[in-house]
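Read through the structure below, which is laid out as structure tokens, and then see the notes.
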Amino acid sequence: VSVLERQIFDFLGYQWAPILANFIHIIIVILGLFGTIQYRPRYITGYAVWLVLWVTWNVFVICFYLEAGDLSKCANCAEPTRALPGTEHVSQKQRGLGSADPSHVAWGNNLILTFNISMHRSWWMENGPGCTVTSVTPAPDWAPEDHRYITVSGCFLEYQYIEVAHSSLQIFLALAGFIYACYVVKCITEEEDSCKY
């Protein structure tokens, strides 16, 4: 259920890499459930292997949003410019559907989660708890005509922390699922071994 909720918000933000990963996860979970119901340890083992990859993906997402190591949401900024005092975010927004990096005022952004095909960002960036979106007029000369220049302020919780919470929940559920999968495989193989004698 939690991955379906995450899938919906990734669709709202047009984040194609997480959408693809969530979709694959949903398929593998269905196969894992099928393997459990049909007593097929290969399906359950495949599910357990996928959970290792799923945890790795979610750790990457956490590191990406927290800008750990060399991961940065701003690609063309050697020295990022921070947002103006009094505003939490200043960014471009394409046709009202998503937006660019909230913590830097920069045109070039690393759009890794959208496969570099759009300028959309996390839906939570503008729709987080308490966030107020204000259009900045007039827009700068360098801003494309099909984009809005906006400020986002007053958020109770920054969007990157909401995304980190989603990924952390997925890691916790994956660890529980991995333990469950190992236990079920053990029970099924013990049952098959006892039936041979």
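- Interatomic distance, CZ of Phe64 versus CD of Glu67, reported as 8.0 Å (0.5 Å rounding).
- Applying the salt bridge (Lys or Arg N to Asp or Glu O under 4.0 Å) test to every pair with at least one member in residues 159-186, sequence neighbours left out, gives these pairs: Lys186-Glu190.
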Open item on the list: Could you walk me through whether Tyr47 and Val185 satisfy the side-chain contact (heavy atoms from CB on, under 4.5 Å) test, starting with their C-alpha distance in whole Å, then the side-chain angles of each, then the deciding distance to 0.1 Å, before giving a yes or no?
Closed with: CA-CA 11 Å; Tyr47 170 71; Val185 168; over 6 Å; no
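- Here the shortest heavy-atom pairing between Ile62 and Ser167 reads CG1-CB, 3.5 Å.
- Residues Leu169, Leu173 make up the rest of the hydrophobic cluster containing Phe172, defined by ILVMFWY side-chain heavy atoms closer than 4.5 Å, directly or through other members.
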TODO: With side-chain contact (heavy atoms from CB on, under 4.5 Å) as the test, would you mind laying out the steps for His166 and Trp124 before giving the verdict?
DONE: CA-CA 11 Å; His166 275 124; Trp124 293 106; 3.4 Å; yes
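- Residue Phe178 places its CZ atom among 12 or fewer non-hydrogen atoms of other residues, nucleotides or ligands, all under 6.0 Å distant.
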Ignoring hydrogens and angles, write down the donor-acceptor pairs under 3.5 Å from the side chains of residues 22-43, residues two or more places apart or on other chains.
{"unit_1": "Asn22", "atom_1": "ND2", "unit_2": "Gln7", "atom_2": "OE1", "d": "3.1"}
{"unit_1": "Asn22", "atom_1": "ND2", "unit_2": "Asp10", "atom_2": "OD2", "d": "2.9"}
{"unit_1": "Asn22", "atom_1": "ND2", "unit_2": "Pro18", "atom_2": "O", "d": "3.1"}
{"unit_1": "His25", "atom_1": "ND1", "unit_2": "Trp50", "atom_2": "NE1", "d": "2.8"}
{"unit_1": "Thr36", "atom_1": "OG1", "unit_2": "Gly32", "atom_2": "O", "d": "2.9"}

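- The two residues Trp57 and Ala17 come nearest to each other via the heavy atoms CH2-CB, 3.9 Å.
- No path of Ile, Leu, Val, Met, Phe, Trp and Tyr side chains, each step under 4.5 Å between heavy atoms, connects Ile179 with Ile188, placing them in separate hydrophobic clusters.
- Each of Val59, Asn58, Val52 was checked for a side chain to side chain contact (heavy atoms under 4.5 Å, CB included) with Val55, and the lone residue meeting it is Val59.
- A heavy-atom distance below 4.5 Å is found between the side chains of Tyr65 and Tyr159.
- The side chain to side chain contact (heavy atoms under 4.5 Å, CB included) search around Val49 returns none, not counting sequence neighbours.
- No side-chain heavy atom of Met125 sits under 4.5 Å from any side-chain heavy atom of Cys131.
- By the side chain to side chain contact (heavy atoms under 4.5 Å, CB included) test, Thr132 is found to be paired with Thr134, Ser153, residues two or more places apart in sequence or in another chain being considered.
- Using a 4.5 Å cut-off between side-chain heavy atoms of Ile, Leu, Val, Met, Phe, Trp and Tyr, with links allowed through other members, Ile8 and Ile162 fall into the same hydrophobic cluster.
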